[in-house]
Amino acid sequence: MTDLIRNFCIIAHIDHGKSTLADRLLQLTGTISEREMTEQVLDSMDLEREKGVTIKASAVRMNYRARNGQVYELNLIDTPGHVDFGYEVSRALEACEGAILVVDASQGVEAQTLANLYLALEADLEIIPVINKIDLPSAHPDEVAEELENLLGIPGEEILRISAKAGLNVEEVLEAVVQRVPPPRGRDDLPLKALIFDSHYDPYKGVVAYIRVMDGKLSASDTLRMMITRATIKPIEVGIFAPDLRPTSELHAGEVGYVATGFKTVRECRVGDTITLATNPAAEPLPGYRKVKPMVFAGIYPVEGEDYEDLRDALEKLQLNDASLIYEPETSQALNFGFRCGFLGMFHMEIIQERLEREYDLDIIVTAPSVEYEVKLKTGETILIDSPAELPEEGEIEEIREPWMYIQIFSPTEYYGTIMDLVTKRRGIFASQEYPAPNRVQLNFEIPLSELIVDFFDQLKSRTRGYASLDYQFAEYRPDDLVKLQILVNAEPVDALASIVHRDAAYHIGQTLISKLKDIIPRQLFAVPIQASAGGRVISRANVKALRKDVLAKCYGGDITRKKKLLEKQKRGKKRMKMVGNVEIPQEAFMAVLRLRED
Amino acid sequence: MEPVPYSLYLHIPFCHHRCAYCDFNTYAGMENLITAYCAALIREISQVAGSAVDKLPVHTIFFGGGTPSLLPLIWVEQILETINHCYSLVPETEITLEANPGTVDGDYLRGLHNLGINRLSLGVQSANPDELRLLEREHDYFAVIEAVHLARNAGFDNLNLDLIFGLPYQELDTWEKSVNLTLDLSPDHFSLYALTLESGTPMKHWTDRGLLPEPDADLAAEMYEWAAERLDQAGYQQYEISNWARRTTDNVYRACRHNLQYWRALPYLGFGAGAHGFAAGVRTANILSPRAYIQRMEKSAHRQFPRSSATANLIEVDQQAEMGELMMMGLRLTNDGVSANQFKTHFGESLSDVYGKEIEQLVRQKLLEWVPFEDGLHLRLTPYARLLGNQVFAAFI
């Protein structure tokens with residue numbers, strides 16, 4: 001039965017043409033008619049289309065009549081395209097037996113190509129390398145083929161050369177999937193084990209789990225159990241992705257499909273969990289489940305206090321589709337009521353921020369991101385904090401530990417120096433280097449996560465004119481000499497401007513921040529002192545001078561309307577500021593912490 | 001009760017050259033339109049008068065620009081005749097004309113005076129040649145001295161000089177020199193304007209591109225404070241944020257009655273391209289382009305007062321808005337401010353009922369003060385707040 005099934009994914013670096021290739025495969029197999037065809041069919045979110053990167057996994061079933069005359073069921077699983085979603089990618093890969101590795105004929109192998117490739121090899125997938133965009137003038141497919149040959153040990157002639165955009169050789173890709181990807185090995189007569197590799201929320205069907213049946217079979221009439229969360233359900237329906245949800249009577253071993261669970265939250269239906277039958281459960285869940293752990297934390301506050309409820313509703317809705325987003329209420333003396341949110345990484349945070357602003361039309365302030373610190377107290381107790389505001393007094397602290405990461409930077413060799421400089425300036429430690437291809441270097445470092453989350457990726461891109469790529473994994477917690485950098489405006493500490501920094505950098509960062517704030521905070525009716533303090537000492541100070549002149553000289557020829565408009569504009573600007581004590585602080589100030597390293 | 005007399009503003013949008021800081025509705029190189037424009041102006045003046053219920057009393061007329069002194073005497077005469085014919089001018093109506101030094105000679109000034117123009121406003125701006133060049137003014141200070149001399153000889157006993165401060169590169173000492181030199185000319189009235197960089201002007205463009213330093217607001221504040229003290233010593237009394245006047249020998253205070261009309265939120269009619277009016281509960285604004293204005297005024301159908309064929313924009317002012325505008329304008333009057341009794345008489349509600357909370361806070365911040373007058377308490381800016389007016393006005397908008 002499973003002989004005619006092929007489950008595969010496409011892995012690629014951003015912009016190497018993954019979505020375009022997927023579009024072509026859907027067209028070629030007639031899964032989507034020419035009429036229904038839009039670009040990036042599988043990326044349904046506007047943000048995905050705009051950023052050219054898949055954020056949520058999805059799946060689609062295609063029927064393909066191969067040259068040998070047989071009709072195959074091909075399940076394409078689209079994986080998220082960013083390292084922030086590494087765990088989701090790894091689960092989606094577990095659902096496959098093969099992977100098409102797409103490499104741009106001009107760009108060659110990049111960091112995420114490698115990162116995804118290693119994940120695919122770890123999941124024991126059959127790799128089908130494909131060189132894309134061979135029709136571009138800048139293409140050098142021979143060199144890229146050589147890179148891939150070195151990397152994979154696959155003979156150059158077996159590497160497909162295509163143009164997904166022009167539709168060149170795309171059919172060969174489907175043939176390769178049929179011939180080279182092994183059929184799934186599950187057995188219908190074993191107890192049910194179905195892997196959840198993603199989910200989305202549907203207002204009528206509840207949480208819809210995307211599953212790959214490893215062993216056994218299930219139908220809508222079965223009572224199902226989630227082996228990790230121990231939740232039990234009677235599913236609303238089961239079905240396949242065609243590409244819209246289409247109910248079927250049963251799903252068998254080897255098949256990819258969905259279970260509409262009726263769950264109201266994703267908490268009961270976690271990525272990586274195993275679905276089994278309540279009556280005849282499997283002995284063990286599938287391996288590899290991990291509870292998602294946010295790495296980056298930030299406060300999200302409504303600009304207008306009255307939007308608090310809307311913000312909470314929006315976060316709740318986003319979480320329905322995104323179990324990795326966590327949030328809890330937080331109060332800031334400067335920003336009032338908001339939420340402390342945890343994200344998988346900076347990209348994830350950016351996505352959430354943009355979705356709140358665009359899909360939910362909210363005006364929000366996002367505070368400077370923080371990592372989670374382990375703070376060992378003199379009492380022997382260890383606490384976890386993810387906000388500088390929570391850091392206890394220095395006298396109570398024995399030691400502060402912070403998360404360190406392994407990073408791999410992949411770049412043309414000419415940027416070696418500038419990358420070294422960037423990483424070492426941020427407390428990074430060089431580990432090793434490799435030359436996986438001519439003129440290409442892979443630099444391996446260890447670096448504190450806190451140094452990565454502020455603007456590191458942008459700096460890397462700008463220093464290497466966009467050529468370098470980055471991948472990272474959590475390493476461990478390490479102690480360092482860290483202090484809380486506090487900012488006092490008019491002698492009051494502003495919690496939303498505090499940060500935890502290395503003691504050696506405190507002076508420099510404090511000074512830079514103060515000189516920025518001095519320009520950002522508008523002059524008030526009285527002089528406003530601003531200070532940075534670390535370890536109980538003021539390390540930098542400046543004064544925002546009192547406002548002396550703010551009046552229009554002339555009301556010309558009785559044109560009062562214009563004057564009034566100017567005053568109204570001024571008043572609106574004031575309204576958008578936050579009052580801290582009796583000082584008006586513009587939102588921009590809270591973002592200044594983010595942009596400190598630009599200078 | 002006597003009807004409130006009106007003020008008339010006439011906009012003359014022509015200039016030989018547009019100054020680098022100017023964003024008024026003015027045009028250089030359109031002087032060939034002057035004849036047709038004046039004819040249109042005359043039509044508008046009578047059109048609006050024709051739609052009023054009664055012949056309106058008028059107590060001030062103001063020729064503003066642009067450069068009104070580019071008008072040939074014959075047109076000034078015809079315009080004034082039309083006004084005299086259509087409106088009822090009160091005795092000693094104040095009739096002002098703005099002039100650029102260098103565009104006027106003795107004959108012209110005598111002619112103006114004979115036609116009834118009794119107040120002349122000269123755009124001096126600075127006595128410093130470098131500053132005048134930066135502003136792209138076409139005159140030098142000698143032309144100012146000569147124009148003042150000629151105006152006095154022509155019989156003008158009510159003379160205003162305009163100065164601008166807070167210029168890029170301007171220092172306290174060059175400003176002091178400008179003020180002192182103009183004081184030597186002994187005008188009856190001073191207008192001191194802080195430079196505002198308006199978008200679309202060459203000067204704004206230069207500063208945006210870094211070709212010119214941004215004016216220093218603190219220095220401008222010092223200039224203002226210095227000048228206020230200097231003018232006070234010289235016998236000029238400040239009556240508005242940017243305006244000072246002195247008394248004549250027979251004790252007539254030379255404040256500009258026309259501008260007081262705006263600041264007291266009293267009615268005025270605006271004629272000409274881009275002119276603004278406020279009467280019968282509406283604010284009107286005319287079409288900006290002189291050519292379009294001339295075309296519009298060729299048709300002269302009946303319009304509801306105070307609209308004309310050239311009205312391009314109309315805003316109805318409800319009581320709430322009018323109260324806000326009265327505060328915003330009235331508080332510019334540094335001596336009189338806003339009279340609590342007059343406010344109550346006009347609107348039927350008291351100042352403290354409408355703005356109690358705002359006023360209380362601004363008084364606490366030492367931006368506003370209550371001062372006793374003959375007709376009761378007046379609310380006005382504290383001397384400290386004169387340069388911070390926007391912080392105060394915004395509270396009432």
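All values derive from a computational prediction rather than experimental measurement.
Between the side chain of K549(A) and the backbone N or O of A220(B) there is no donor-acceptor pair closer than 3.5 Å. Side chain of Y268(B) to backbone of G558(A): a donor-acceptor contact under 3.5 angstrom is found.
Below 4.5 Å, heavy atoms of chain A meet heavy atoms from L388(B), G389(B), N390(B), Q391(B), F393(B), A394(B), A395(B), all part of residues 388-395 of chain B.
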Practice problem: Show the numbers, then the answer: is there a side-chain contact (heavy atoms from CB on, under 4.5 Å) between L525(A) and L367(B)? | Solution: CA-CA 10 Å; L525(A) 289 170; L367(B) 293 169; 3.7 Å; yes
Quiz item: Would I397(B) and K565(A) satisfy side-chain contact (heavy atoms from CB on, under 4.5 Å), going step by step from the backbone distance to the final call?
Solution: CA-CA 9 Å; I397(B) 298 297; K565(A) 275 187 187 148; over 6 Å; no
Self-check item: Residues E225(B), R548(A); criterion side-chain contact (heavy atoms from CB on, under 4.5 Å); working and verdict
Solution: CA-CA 11 Å; E225(B) 278 156 13; R548(A) 284 191 67 187; 2.7 Å; yes
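Atom NZ of K545(A) has 12 or fewer neighbouring heavy atoms from other residues, nucleotides or ligands inside a 6.0 Å radius. At most 12 heavy atoms of other shown residues, nucleotides or ligands fall within 6.0 angstrom of atom OH in Y507(A). The number of heavy atoms from other shown groups lying within 6.0 Å of CD (E414(A)) is above 12. Residue R541(A) qualifies as open at atom CZ: its count of foreign heavy atoms under 6.0 Å is 12 or below. By the 6.0 Å contact criterion, OH on Y360(A) is enclosed, its count of non-hydrogen atoms from other residues, nucleotides or ligands being greater than 12. Heavy atoms from other residues, nucleotides or ligands lying under 6.0 Å from CG of D361(A) number 12 at most.
For Y224(B), no part sits under 4.5 Å from any heavy atom of chain A, backbone or side chain. For Q365(B), the part sitting under 4.5 Å from any heavy atom of chain A is the side chain, from C-beta outward, and nothing else. Heavy atoms closer than 4.5 Å to chain A are found nowhere in A275(B), neither backbone nor side chain.
Every residue two or more places apart in sequence or in another chain that forms a salt bridge (Lys or Arg N to Asp or Glu O under 4.0 Å) with E198(B) is listed here: R562(A).
Here the straight-line distance linking atom OG1 of T561(A) with atom CD of E325(B) works out to 7.0 Å at 0.5 Å rounding. With values rounded to the nearest 0.5 angstrom, K563(A) atom NZ is found 12.5 Å from Y262(B) atom OH.
When side chains are defined from C-beta on, I560(A) does not count as touching H276(B), because their heavy atoms never get closer than 4.5 Å. Side-chain contact between I241(B) and V551(A): present, with at least one pair of heavy atoms (C-beta onward) separated by less than 4.5 Å. For the pair R523(A) and D218(B), the minimum side-chain heavy-atom distance is below 4.5 Å.
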